[in-house]
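Working notes for the structure below.
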Amino acid sequence: MSIPREIIEAIKDRTDIVDLIGTYVTLKRAGSNYNGLCPFHSEKTPSFTVFPDTQSFFCFGCEAGGDAFNFIMRSENLDYPGAIEFLAKRSGVELPTDGAQDRRGLSRKRVFEMNLIAARFWRDCLFDPVMGKDAMHYLTEKRGLSVPFIKHFGIGYAPNDFGALTEILRKAGYTDAEMKEAFLCGISQKSGRAYDYFRHRVMFPVFDNTGNVIAFSGRDIGGDTKAKYLNTSDTPAFQKRRNLFALNFAKNHCAEQLILCEGNMDAVSLHAAGFQNAVASLGTALTDEQARIIAKYTKTVIIAYDADAAGQRAAHRAMGIFAKVGVEVRVLQMQGAKDPDEFIKTFGADKFAQLLKKSRTGFDFKLESVLARYDITKPEERIRAAADLCEIVSPVYSAAEREVYIAAISERLGLTVDSLRKDVERIIGRRAREGKQQQSRQAQLTASALGDKVNPEAAGHVQAAATEQIIIGLLLLYGEHRHAVLTGQVSLAADSFVTSFHRRAFEAIMELEASDGGYEFSMLGEHFSPDEMGRLVRLERARRELSENGTSVLRAAVETLTRERERAEIRAASPEDAINRILESKRKKKDKP
């Protein structure tokens with residue numbers, strides 16, 4: 001396709017799917033999502049859902065689904081390039097004119113290579129007894145980090161030298177222009193010469209979930225520089241708004257709750273103190289993209305921002321962002337310290353653990369936000385405020401917790417607890433009925449593969465197709481699984497699949513993962529029809545609803561698929577070949593240690 005990938009990503013970033021679909025469909029909020037009548041088939045009960053957290057939609061009645069591009073393809077009867085042009089005009093993104101060159105800049109791979117060289121160089125500088133003396137003193141004495149922990153995080157030191165790293169990268173074959181685009185060097189306006197961007201700073205490498213060094217955060221340790229922190233700006237391998245510091249470590253420890261810090265030093269200190277579920281945003285306020293990423297890994301976020309006014313304002317803003325993606329939020333209130341790092345150094349890790357247990361829910365913030373929108377001295381305004389607050393309380397699982405919230409609303413609005421409780425119970429009942437109807441529709445769709453137009457081969461290979469659905473869902477949802485397959489850590493190939501649709505999906509996903517731009521769901525629209533994209537959304541959503549999505553689940557599914565593939569081959573073979581295959585399979589099992 002002639003339209004550059006970065007243009008497609010820019011269009012997607014500027015298109016909010018709720019706003020887009022809301023111009024075609026009357027949507028009503030249902031928890032963190034939105035429901036409405038499907039525009040693609042006739043229905044009286046809403047089965048069409050928009051998911052703001054993933055910027056996708058899915059109809060549980062007709063299985064239409066996908067992202068903004070797929071919605072426009074269906075709604076406006078356009079092909080994929082046509083949908084891109086439609087949304088580009090809507091979002092104000094200029095498309096390249098015919099005949100314009102599709103210039104490919106610096107590749108992600110080249111950035112990864114340079115970053116790895118830089119990380120190793122700075123690590124060696126830190127552990128040099130002369131060059132890294134001050135930096136090591138800062139880390140071990142002032143920050144209280146142990147040497148093993150420093151190595152674990154890959155922390156280094158950028159020496160106070162204008163050309164130390166630049167010279168090393170030049171010798172490795174990289175140009176000044178490449179170093180500048182990777183944000184490792186600057187170019188002097190006076191002399192035109194390249195110089196090291198990071199100097200006399202403790203360097204914290206930022207890793208993606210597959211172990212690539214994608215960026216750096218440099219902390220000043222007493223030089224003449226004005227900025228306490230310098231962070232890598234956006235590069236072909238890194239975008240601040242889509243990454244989190246220390247998520248590569250925290251993702252295996254945050255299933256129940258994740259601690260969100262304001263700065264990377266707070267996250268490092270928490271990890272050093274044993275709180276391995278801490279992350280930080282990278283020199284920017286929390287973004288929608290970061291919240292969506294966090295929602296993949298945890299149920300609850302504890303916001304541990306600085307105790308000053310700016311930190312509390314940022315915490316309030318973050319609550320609203322997490323509400324959009326359905327993540328429960330609690331807020332840490334620290335007294336006697338300005339941030340988690342100082343609190344732990346002053347009071348110790350045990351006191352911080354107690355503080356986490358006492359973290360408040362976001363209800364107080366939500367209560368004040370709703371009341372600020374209404375003049376509750378007027379009866380009609382008070383009724384609307386009560387309705388909004390009952391909607392907020394209704395998803396709370398704990399009946400005792402709901403009672404506490406209802407009592408607080410009662411006190412503020414001057415309404416009886418009984419009347420508010422009845423309204424909340426009515427909302428809970430309505431949502432339960434809607435949930436059962438949705439589950440029933442989805443169960444009917446999943447129970448039988450007969451008449452499956454997207455994957456007609458599923459009817460003849462029910463077990464294999466079901467296993468393939470698990471694998472594709474996992475690959476769509478998690479980058480670490482795609483990386484594991486790409487690097488051979490999990491042995492899976494296209495010919496492992498029994499059905500051609502899932503085989504094509506696997507090939508397209510892995511081709512994108514191996515590309516310079518990496519995997520991006522929207523890019524699949526070039527290779528699959530709207531109906532097929534809807535199926536992929538269904539598979540991804542099915543896995544998202546489950547709590548167990550680790551590597552062990554992927555490996556087990558791959559083993560099951562291997563057995564199903566062997567059975568399919570035996571059924572398709574001649575009687576003589578079938579016997580030989582069975583005997584060979586038994587020999588392989590016997591030979592296994």
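- Around NZ of Lys345, the count of heavy atoms belonging to other residues, nucleotides or ligands within 6.0 Å exceeds 12.
- Taking 4.0 Å as the cut-off between side-chain N and carboxylate O, Asp53 and Arg541 count as a salt-bridged pair.
- Taking the centre of each ring, Phe352 and Phe347 stay at or above the 6.0 Å mark.
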The test is side-chain contact (heavy atoms from CB on, under 4.5 Å); show your working for Tyr297 and Asn209 and say whether it passes. CA-CA 12 Å; Tyr297 293 98; Asn209 285 343; 2.9 Å; yes
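- Remark: the backbone N or O of Lys228 is paired with a side-chain donor or acceptor of Arg201 at under 3.5 angstrom.
- Between the Asp67 side chain and the Asn70 main chain, a donor and an acceptor come within less than 3.5 Å of each other.
- Scanning both residues, Ser359 and Leu356, for their nearest heavy atoms gives OG-O, 2.8 Å.
- The shortest distance between side-chain heavy atoms of Asn277 and Ile302 does not fall below 4.5 Å.
- Side-chain polar atoms of Ser217 and Asn231 form a donor-acceptor pair below 3.5 angstrom.
- Taking 4.5 Å as the limit, some side-chain heavy atom of Phe322 sits within range of a side-chain heavy atom of Leu286.
- Counting only residues at least two apart or in different chains, side chain to side chain donor-acceptor pair (under 3.5 Å) contacts with residues 141-151 comprise Tyr138-Arg143, Arg143-Asp341.
- The shortest non-hydrogen separation linking Cys125 to Met131 is SG-SD, 3.4 Å.
- Side-chain N or O atoms of Ser269 include none that pairs as donor or acceptor with a backbone N or O of Asp266 at under 3.5 Å.
- The closest donor-acceptor contact from the side chain of Gln290 to the backbone of Lys240 lies under 3.5 Å.
- Between Asp134 and Ile221, the shortest heavy-atom contact is C-CD1, 4.4 Å.
- Heavy atoms only, all atoms of each residue included: Ala278 and Ala250 are closest at O-CB, 3.7 Å.
- Residues Phe69 and Ile84 meet the side-chain proximity criterion, which asks for heavy atoms closer than 4.5 Å.
- You'll find the side chain of Ile11 reaches within 4.5 Å of the side chain of Leu95, heavy atoms only.
- Comment: Asp176 engages Arg170 in a salt bridge, judged by a side-chain N to carboxylate O separation of less than 4.0 angstrom.
- With respect to Glu507 and Arg503, no salt bridge is recorded, no charged nitrogen being found less than 4.0 Å from a carboxylate O.
- Defined by atom type and a distance below 3.5 Å, a donor-acceptor pair is missing between the side-chain atoms of Arg241 and Thr287.
- Separation of atoms CD1 (Ile472) and CZ (Arg504) is listed at 11.0 Å; rounding is to 0.5 Å.
- Listed by chain and number, the residues in a side chain to side chain donor-acceptor pair (under 3.5 Å) with Lys338 are Glu342 (sequence neighbours excluded).
- With hydrogens and angles disregarded, no donor-acceptor distance shorter than 3.5 Å links the side chain of Asp128 to the backbone of Gly132.
- The shortest distance between side-chain heavy atoms of Leu270 and Phe343 does not fall below 4.5 Å.
- Nearest heavy atoms, Tyr80 versus Ser522: OH-O, 2.6 Å.
- Screening Tyr157, Trp122, Phe204, Tyr229 for a ring pair (Phe, Tyr, Trp, His ring centres under 6.0 Å) involving Phe216 leaves a single residue, Trp122.
- By the ring-ring contact (aromatic ring centres under 6.0 Å, His included) test, Tyr305 pairs with no residue at all, sequence neighbours left out.
- A distance of 6.0 Å separates CZ of Phe51 from OG of Ser56, quoted to the nearest 0.5 Å.
- In this structure, the side chains of Tyr519 and Met523 stay at 4.5 Å or more apart for every pair of heavy atoms.
- A salt bridge is absent between Glu328 and Lys299: the closest approach of a Lys/Arg side-chain nitrogen to an acidic carboxylate oxygen does not fall below 4.0 angstrom.
- Glu540 and Arg544 are joined by a salt bridge, as a carboxylate oxygen and a charged side-chain nitrogen come within less than 4.0 angstrom of each other.
- Ring geometry, Phe506 versus Phe497: the interplanar angle falls from 30° to 60°, so the pair is classed tilted.
- Using modelled atom types and a 3.5 Å distance limit, the side chains of Arg199 and Asn160 yield no donor-acceptor pair.
- Applying the ring-ring contact (aromatic ring centres under 6.0 Å, His included) criterion to Phe153, with sequence neighbours excluded, gives Phe149, Phe245, Phe249, His271.
- Evaluation of the salt bridge (Lys or Arg N to Asp or Glu O under 4.0 Å) test over residues 110-124, restricted to residues two or more places apart or in two chains, returns Arg110-Glu178.
- In this structure, OG1 in Thr560 is found 7.5 Å from CD1 in Ile470, a value given to the nearest 0.5 Å.
- Salt-bridge annotation for Asp234 and Arg242: absent, with no side-chain N of the basic residue lying under 4.0 Å from a carboxylate O of the acidic one.
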Starting from the C-alpha separation in whole Å, work towards a yes-or-no answer on side-chain contact (heavy atoms from CB on, under 4.5 Å) for Met136 and Phe127. CA-CA 8 Å; Met136 186 63 78; Phe127 284 92; 3.7 Å; yes
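- In this structure Thr15 satisfies the side chain to side chain donor-acceptor pair (under 3.5 Å) test with no other residue, sequence neighbours excluded.
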